[in-house]
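First listed ligand is number 1; within each ligand, the first listed atom is number 1.
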Amino acid sequence: MAAVLLFAVALLSVLSNALIRAQFTGYVAAQQRAHAKALTEDIARQYRAGRWDLDGLHAIGMSALYKGYLICVDDADHAHIWSTEAHDSTACAAVMAEITARMRASVNGAFTSVETPLTLGGEPFGYAVVSAYGPYFLSEREFHFLGTLNRALWSVGAVSLVASLVLGALLARKLAAPVERAAAAAKHMAGGDYRARIEARTNARETDELIASINHLAEALEAQEALRRRLTSDVAHELRTPLTAVGTHLEAMIDGLWEATPERLESCQEELLRLGKLVGDIESLARVEGNPALDLETVELRALCEGALTSFRAALEAKGLRAAISGGPVEIPADADRLKQVLVNLLANAVQYARGQIEIEIWQSDSHAGFSVRDDGCGIAPEHLEHIFERFYRADSSRSRLSGGSGIGLAIARSIVEAHGGSVCAKSAPNEGSTFTASLPRLRS
Ligand code: ADP
């Protein structure tokens with residue numbers, strides 16, 4: 001960046017210098033051409049009534065000499081009338097030498113002459129020859145002015161160069177500092193430390209976006225890590241109880257303290273079956289939470305509810321329960337398999353807790369649609385209600401565990417509905433049954 005700045009300032013200085021010089025010398029050259037023309041006209045005016053005014057020519061010639069011009073006036077036959085060189089060759093040589101010495105350094109030129117025929121009524125009466133250093137020359141004052149201008153321009157260039165270097169260095173430091181912090185945070189994260197956050201705020205939108213993305217990434221990784229840790233400890237906790245139970249039972253039977261009756265062996269087998277179900281539930285949860293990507297299609301909710309209910313026919317009959325569906329049809333964009341899993345989980349709970357009746361209601365509003373699963377079971381106490389969607393949470397631990405519940409079904413249901421951009425809630429009071437409602441957006445987000 002410093003190199004670019006340096007180059008830009010240097011280029012600007014050189015270009016502006018060259019441009020101003022070209023403009024100025026162009027102006028000087030035009031002035032000199034005009035002056036030579038005016039000299040020729042002055043010379044012509046010195047020819048009056050067939051005679052040359054030699055005093056006039058002398059005055060013009062000497063004044064022109066000190067401005068750097070040599071003149072030579074001839075008559076119509078090219079015979080010399082008056083010339084600067086013939087009049088004062090020493091002064092002439094001195095002026096020429098002085099101008100040549102001054103100009104040689106900047107312009108590769110030489111003294112050149114322009115001859116102009118002088119006419120009166122179409123008849124030539126002489127020739128005026130004006131010589132000067134070409135393509136242009138500078139008077140001492142002009143030369144001095146150009147030198148001062150040059151120096152001023154170079155000084156401005158040098159000051160801007162230093163200023164741009166200092167500013168550039170400050171700016172680079174300001175820009176680089178947050179990027180360096182972002183890199184350090186990313187390095188921490190690569191090492192497994194997700195607590196690192198970048199506090200910096202800059203005036204550059206792109207840098208702010210980079211910082212926000214890295215902070216966001218850190219938050220997401222930290223949440224994932226916390227989830228992983230909690231899941232591991234929850235799973236270990238859930239597995240320990242049935243494993244210990246089976247282990248102690250088997251140990252007592254092996255040691256001969258307990259007789260291996262069919263009932264005791266069956267109890268061990270039941271415990272193992274529960275373990276198998278728990279592992280299956282954990283797998284489902286991991287699948288849902290690990291891959292929230294949905295395979296969206298148009299799903300008709302009534303058909304979906306009827307399909308889900310069919311798989312509970314046998315259980316409903318066995319428990320003597322009635323089930324009814326109302327509302328619909330309603331179509332929403334959803335992942336059919338996953339949404340069916342939500343219904344299955346809610347229905348499984350309803351079937352387990354209902355005393356006589358289960359109602360599924362399909363509803364819709366302008367922006368959302370969904371279903372409610374209502375049962376007339378024991379209900380859920382308010383202190384449990386706010387936790388039942390947490391994984392491994394059981395409101396009635398002993399009863400739920402006995403029935404094979406792992407406390408994961410509602411957590412899976414919530415994950416799926418939230419992945420759709422929706423929400424799920426429960427309304428319940430002890431002995432008044434429970435209603436679980438899933439609400440999903442009707443339009444794809
Ligand atoms: P589980 O597999 O134990 O049923 P869930 O996550 O499905 O796990 O439910 C969590 C807890 O919420 C259950 O253990 C139960 O105590 C309570 N619960 C869920 N549904 C109902 C319901 N319909 N009626 C009463 N309690 C319920």
Side-chain angles (χ1 to χ4, degrees), residues 227 230-231 233-235 237-242 245 270-289 305 308-309 311-312 315-316 318-325 338-361 370-419 422-439:
L227 201 80
R230 239 184 62 206
L231 188 62
S233 73
D234 285 352
V235 168
H237 177 78
E238 289 299 316
L239 293 178
R240 195 174 302 119
T241 319
E270 267 172 30
E271 208 63 56
L272 287 176
L273 286 175
R274 251 199 299 280
L275 266 176
K277 184 177 178 300
L278 174 64
V279 171
D281 283 350
I282 292 170
E283 269 176 356
S284 308
L285 183 68
R287 246 198 317 276
V288 171
E289 290 189 344
C305 292
L309 199 58
S311 48
F312 286 94
L316 289 168
K319 291 191 131 191
L321 300 171
R322 291 178 308 279
I325 301 180
R338 293 200 166 178
L339 203 54
K340 190 168 178 185
Q341 172 87 61
V342 175
L343 263 167
V344 166
N345 290 6
L346 295 181
L347 279 172
N349 286 341
V351 169
Q352 186 182 334
Y353 293 100
R355 291 175 178 141
Q357 176 81 23
I358 296 172
E359 287 164 31
I360 304 174
E361 188 196 336
F371 45 81
S372 302
V373 178
R374 185 176 310 128
D375 66 65
D376 56 358
C378 59
I380 306 162
E383 67 270 25
H384 295 304
L385 200 57
E386 54 186 305
H387 298 294
I388 53 170
F389 289 100
E390 291 168 17
R391 66 165 84 95
F392 300 116
Y393 190 87
R394 303 180 190 90
D396 179 354
S397 169
S398 54
R399 197 176 146 184
S400 173
R401 198 189 283 279
L402 274 178
S403 61
S406 55
I408 289 182
L410 289 179
I412 293 179
R414 185 177 64 175
S415 279
I416 294 176
V417 173
E418 285 180 355
S423 61
V424 58
C425 67
K427 273 195 192 138
S428 184
N431 285 320
E432 283 179 25
S434 313
T435 306
F436 288 84
T437 304
S439 166

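Residue Cys378 places no N or O, backbone or side chain, under 3.5 Å from any N or O of ligand 1. At a 3.5 angstrom cut-off on N or O pairs, Gln352 does not count as close to ligand 1. Backbone and side-chain nitrogen or oxygen atoms of Leu410 are examined, and one is located within less than 3.5 angstrom of a nitrogen or oxygen of ligand 1.
Counted by atom type alone, Arg414 and Asn345 present zero donor-acceptor pairs between their side chains at under 3.5 Å.
Atom numbering of ligand 1 starts at 1 in the shown order; those under 4.0 Å from a heavy atom of Asp375 are 22 (C), 23 (N). Residue contact check: Gly407 has heavy atoms under 4.0 Å from atoms 1 (P), 2 (O), 3 (O), 6 (O), 8 (O) of ligand 1. Which parts of ligand 1 touch Ile408 is read off a 4.0 Å heavy-atom cut-off, strictly below it: atoms 6 (O), 8 (O). Taking a cut-off of under 4.0 Å to the non-hydrogen atoms of Ser434, the atoms of ligand 1 that pass are 22 (C), 24 (N), 25 (C).
Within the 4.0 Å heavy-atom cutoff, Phe436 counts among the residues contacting ligand 1.
The backbone N or O of Gly433 sits less than 3.5 Å from a side-chain atom of Ser428, completing a donor-acceptor pair. A donor-acceptor pair under 3.5 Å is formed between the side chain of Lys319 and the backbone N or O of Gln352. Counting only distance, with no hydrogens or angles, the side chain of Asp376 and the backbone of Gly356 share a donor-acceptor pair below 3.5 Å.
Neither the backbone nor the side chain of Asn345 has a heavy atom within less than 4.0 Å of ligand 1. The part of Ile380 lying near ligand 1 is the side chain, judged by heavy-atom distances below 4.0 Å.
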task: Begin with the C-alpha distance, continue with both residues' side-chain angles, and end with the deciding distance and a verdict on side chain to side chain contact (heavy atoms under 4.5 Å, CB included) for Lys427 and Thr437.
output: CA-CA 8 Å; Lys427 273 195 192 138; Thr437 304; over 6 Å; no

Steps toward side chain to side chain contact (heavy atoms under 4.5 Å, CB included) verdict (Leu278, Phe392): CA-CA 10 Å; Leu278 174 64; Phe392 300 116; 4.1 Å; yes

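The shortest heavy-atom contact between Ile388 and Ala426 is CD1-CB, 3.9 Å.
Compare Tyr353, Phe392, Tyr393 by their heavy atoms: the one nearest to atom 10 (C) of ligand 1 is in Tyr393.
Residues passing the salt bridge (Lys or Arg N to Asp or Glu O under 4.0 Å) test with Arg374 are Glu359, Glu361, sequence neighbours excluded.
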